[in-house]
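Here's the structure we're looking at; comments come further down.
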Amino acid sequence: MAYIEFVGVNKYFDKTHVLKDINLTVEHGEFVTLLGPSGCGKSTLLRCLAGLETVSSGRIFLAKYEITHLEPQHRDVGMVFQQYSLFPNMTAAQNTAFGLKIQGMKKNEIKEKVRSVLDLLGLQDRADYYPRQLSGGQQQRVALARAIVMEPKVLLLDEPLSAIDAMLRRNLQIEIRRIQRSLNMTTLFVTHDQDEAMVMSDRIHLFNVGHIEQSGLPTELYTRPRTKFAASFIGHYNIVPAAQFSAASGWDLPGTDVAVRPEVIGIAAAGLPAEEQGIELRGTVRGSIPHGNIIRYTVDCGAFRLNADVLFDTRVLFNEHDEVRLSIAAENVLTLD
Ligand SMILES: Nc1ncnc2c1ncn2[C@@H]1O[C@H](COP(=O)(O)OP(=O)(O)OP(=O)(O)O)[C@@H](O)[C@H]1O
Ligand SMILES: [Mg+2]
């Protein structure tokens with residue numbers, strides 16, 4: 001049996017079917033991410049595990065025990081939310097100590113534990129600060145400290161970084177992952193940010209209105225989305241009706257749609273001889289946009305347009321109206337269900 005198991009879990013809010021027959025397992029020590037658009041049921045799933053919502057049907061197991069109907073305080077689950085939920089009248093150390101105090105742990109033992117967790121989160125010099133004296137990122141670290149210090153069986157993180165700006169956010173992603181690994185703490189993380197999911201996760205479950213659309217390693221989801229929804233959510237895929245793509249390329253491709261990542265498309269001036277074997281398309285450049293270290297060209301292929309990425313180069317490679325030839329290795333054209 002896996003460390004966490006959801007077995008046929010359904011959740012209705014009145015007549016709205018929010019979780020649809022969810023079967024999901026998490027192994028001990030894994031960092032698993034629920035990724036998906038707003039309103040698809042990610043938070044509801046976490047809340048069902050924490051006991052903050054009851055399930056309508058199905059069963060939930062944690063560490064071999066069924067917890068489906070257990071009170072939240074008996075589940076041994078730690079949760080960190082999107083909004084900072086610190087006690088404003090307590091210092092970072094007091095906030096962190098709160099749960100241990102309630103448990104009746106001895107004072108000097110609490111002091112020792114709080115100190116070591118604040119150290120782990122890089123907050124040693126902020127122990128006596130009140131939340132209003134801390135930055136957003138520091139407040140969220142205290143919220144993490146408060147959850148981690150309880151040594152829960154599972155840590156639930158519901159978009160804990162979404163209120164934090166991009167630079168700090170990237171640092172905290174790496175920090176959280178480091179701490180999670182060092183404690184071997186089983187973690188369920190929620191985000192709607194595909195990059196964040198890619199950076200942090202051992203495994204990703206992609207959610208689509210109440211069901212799991214696709215599960216896998218980050219690289220699997222990125223390189224092998226199986227459905228149109230998965231391809232449109234991850235990796236900036238070009239999605240083209242299979243019939244149109246077949247007509248333009250002369251290849252007979254099955255399925256309803258095909259998906260191609262911009263970075264697997266080669267782009268060359270139309271006059272040059274072919275460099276690679278594979279699928280070839282002709283088109284006209286319609287525009288280009290720099291995206292960090294790449295330039296994304298939009299190429300009009302008649303019935304559809306494709307984005308093709310080229311590593312940034314100070315030389316301008318192609319201009320609007322240029323005739324170009326696109327080449328794609330056949331294995332990089334995915335057919336979608
Ligand atoms: N207490 C509630 N009563 C009624 N409907 C609810 C309740 N909580 C959530 N819902 C509905 O359930 C659906 C899923 O909500 P949930 O909060 O799980 O989504 P989410 O994936 O976490 O979205 P977001 O990324 O915006 O946080 C939504 O349509 C929401 O309106
Ligand atoms: Mg949510």
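Each ligand, and each atom within it, is numbered from 1 in the order the structure gives. These values consider heavy atoms only, across backbone and side chains, with no hydrogens, waters or symmetry-generated copies. Nothing fancy with the numbering, it's 1 onward along the sequence.
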Practice task
Could you establish whether Arg47 and ligand 1 come within less than 4.0 Å of each other, counting only heavy atoms on the residue side?
Solution key: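 Contact check Arg47 vs ligand 1: negative.
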Handout entry: Non-hydrogen atom of Gly36 closer than 4.0 Å to ligand 1
Key =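 No, that is not the case, since the closest heavy atom of the residue is not under 4.0 Å from the ligand.
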Problem - Qualifying side-chain hydrogen bond (donor to acceptor under 3.5 Å, both in side chains) pairs with a residue from residues 58-73, counting only residues at least two apart or across chains - result: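 Those involving residues 58-73 are Arg59-Glu66, Glu66-Thr68.
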Handout entry: ligand 1 versus Thr44: contacting region, heavy-atom distance under 4.0 Å
Key =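 Contact part for Thr44 vs ligand 1: both backbone and side chain.
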Problem - Val18-ligand 1 polar pair, N/O distance under 3.5 Å - result: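 No; the residue has no nitrogen or oxygen that sits under 3.5 Å from a nitrogen or oxygen of the ligand.
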Which residue holds the protein heavy atom closest to [atom], what is that atom called, and what is the gap in Å?
atom                    : result
atom 17 (O) of ligand 1 : Ser43 CB, 3.7 Å
atom 29 (O) of ligand 1 : Gly39 O, 3.8 Å
atom 25 (O) of ligand 1 : Lys42 NZ, 2.8 Å
atom 26 (O) of ligand 1 : Ser38 OG, 2.5 Å

Practice task
Tell me, yes or no, whether the heavy-atom count around Lys228 atom NZ, taken from other residues, nucleotides or ligands under 6.0 Å, exceeds 12.
Solution key: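 It does not: Lys228 NZ has 12 such atoms or fewer within range.
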Handout entry: Over 12 foreign heavy atoms within 6.0 Å of CE, Met1
Key =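 More than 12 heavy atoms, drawn from other residues, nucleotides or ligands, come within 6.0 Å of this atom.
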Practice task
Please check if a non-hydrogen protein atom sits closer than 4.0 Å to atom 13 (C) of ligand 1.
Solution key: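 It does: a protein heavy atom is found less than 4.0 Å away from atom 13 (C) of ligand 1.
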Exercise for the section: Look up atom 31 (O) of ligand 1 and tell me if a protein heavy atom lies less than 4.0 Å from it? Expected result: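 So far as the 4.0 Å threshold goes, atom 31 (O) of ligand 1 is out of reach of every protein heavy atom.
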Exercise for the section: Could you check whether the rings of Tyr3 and His28 sit parallel, tilted or perpendicular, using 30° and 60° as the cut-offs? Expected result: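 Perpendicular.
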Exercise for the section: Might you point out which heavy atoms bring Cys48 and Thr54 nearest each other, and give the distance in Å? Expected result: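 Smallest heavy-atom distance, with atoms named: SG-O, 4.4 Å.
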Handout entry: Contact summary for Gly255 and Ala242, nearest pair of heavy atoms
Key =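 Heavy-atom minimum between the residues: O-CB, 3.2 Å.
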Practice task
Tell me, with the steps shown, if Ile294 and Arg296 meet side-chain contact (heavy atoms from CB on, under 4.5 Å).
Solution key: CA-CA 6 Å; Ile294 60 148; Arg296 176 160 296 170; 4.1 Å; yes
Problem - the Mg ion (ligand 2) contact by Ser43, N, O or S atom under 2.8 Å - result: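 Of the N, O and S atoms in Ser43, at least one lies under 2.8 Å from the Mg ion (ligand 2), which means yes.
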Practice task
From atom 7 (C) of ligand 1, work out which of Tyr12, Phe13, Phe207 has a heavy atom at the shortest distance.
Solution key: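 Residue with the shortest heavy-atom distance to the ligand atom: Phe13.
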Exercise for the section: Please answer whether the main-chain N or O of Phe81 pairs with a side-chain N or O of Gln140 as donor and acceptor at a distance below 3.5 Å. Expected result: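 Pair found, side chain donor or acceptor close to backbone of Phe81.
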